[in-house]
Amino acid sequence: GYYFDDSTLGYFKLGYAGASSRYDQTSVGFPGSYSTSHGFLYGAGLKEAISDHVFVGLEAYQISFTRETKQDGGGDYSNNAPNLTYGGLVLGIALNEDGAYKAKDREVTSGAFDGFHAVMGLGAASLNAEYADNTPEYYQASDKGFSGNLALAYSHGFKNRFNLAGSVFY
């Protein structure tokens, strides 16, 4: 990330994610599920410290999961290639020793967001999947709705105004 000023951080997000998916072929009576799919996550965000203990922000990301092939109960093979697009608001709370993000009376010498923080996100998500079985037919499915996530993150800012962070989210 990069500090635009002492309390505003813009960032790119890169990661690796996993999710389970399932399909229902109720018309032919063969329910099934895929195992966990994995894929790369990429996105961007902006966050602003609104007090010494709290920040708010916006973020968007996409996860492109790997294609998975599965044989259903009827002997047919199918492929599934889901992807998820998310955009939403984030709210974070400092878990640092002193509980503060920044000192308002001095220049950024490390980072306004240095240390551990808990983050909650709420936004809109769109899940799209491509599905094809061993016939010439090809299907696409889509589901849109609200999505939320929780994260525990660690962030470290450098004197040149760049920031490096890592997080685990659910």
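Just the heavy atoms: all of them, side chains too, but no hydrogens, waters or symmetry mates, feed the values below.
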Checklist outcome for this item: Heavy-atom nearest pair, L41 first then Y61, reads CD1-CD1, 3.8 Å
Checklist entry - Going from CD on E48 to OG on S51, what distance comes out if it is rounded to the nearest 0.5 angstrom? => result 11.0 Å
Next on the checklist: Looking at H38, is its backbone amide N or carbonyl O close enough to the side chain of T66 to form a donor-acceptor pair, meaning the two atoms are under 3.5 Å apart?
Outcome noted: yes
Checklist entry - What heavy-atom pair brings N83 and S64 nearest, and what distance separates the two atoms? => result CB-CA, 4.1 Å
Checklist entry - Within a strict 4.5 Å, meaning less than it, do heavy atoms of the T85 and I63 side chains meet? => result no
Checklist entry - Do any N or O atoms from the side chain of Y86 and from the backbone of L122 form a donor-acceptor pair under 3.5 angstrom? => result yes
Checklist entry - Hey, do the aromatic rings of H117 and F55 have their centres closer than 6.0 Å? => result yes
Item to check | Distance (rounded to the nearest 0.5 Å) between N149 CG and E59 CD | outcome: 6.5 Å
Checklist outcome for this item: When rounded to the nearest 0.5 Å, the distance separating CG of L150 from OG of S167 is 11.5 Å
Checklist entry - Same hydrophobic cluster for I50 and L91, using side-chain heavy-atom links shorter than 4.5 Å among ILVMFWY? => result yes
Checklist entry - After noting the C-alpha distance and the side-chain angles of L152 and L95, does the key distance pass the side chain to side chain contact (heavy atoms under 4.5 Å, CB included) rule? => result CA-CA 10 Å; L152 179 61; L95 301 176; 3.8 Å; yes
Item to check | Close side-chain approach of L89 to L58, heavy-atom, < 4.5 Å | outcome: yes
Checklist entry - Is there a side-chain contact between S155 and F116 (heavy atoms, below 4.5 Å)? => result no
Next on the checklist: Please give the remaining members of the hydrophobic cluster of F40, linking ILVMFWY side chains under 4.5 Å, ordered by chain and number.
Outcome noted: Y16
Checklist entry - To which residues is V168 joined in a hydrophobic cluster, defined by side-chain heavy-atom contacts under 4.5 Å among Ile, Leu, Val, Met, Phe, Trp and Tyr, whether direct or through other members? => result none
Next on the checklist: Run T8 and L46 through side chain to side chain contact (heavy atoms under 4.5 Å, CB included) and show every step you take.
Outcome noted: CA-CA 7 Å; T8 306; L46 183 74; 3.8 Å; yes
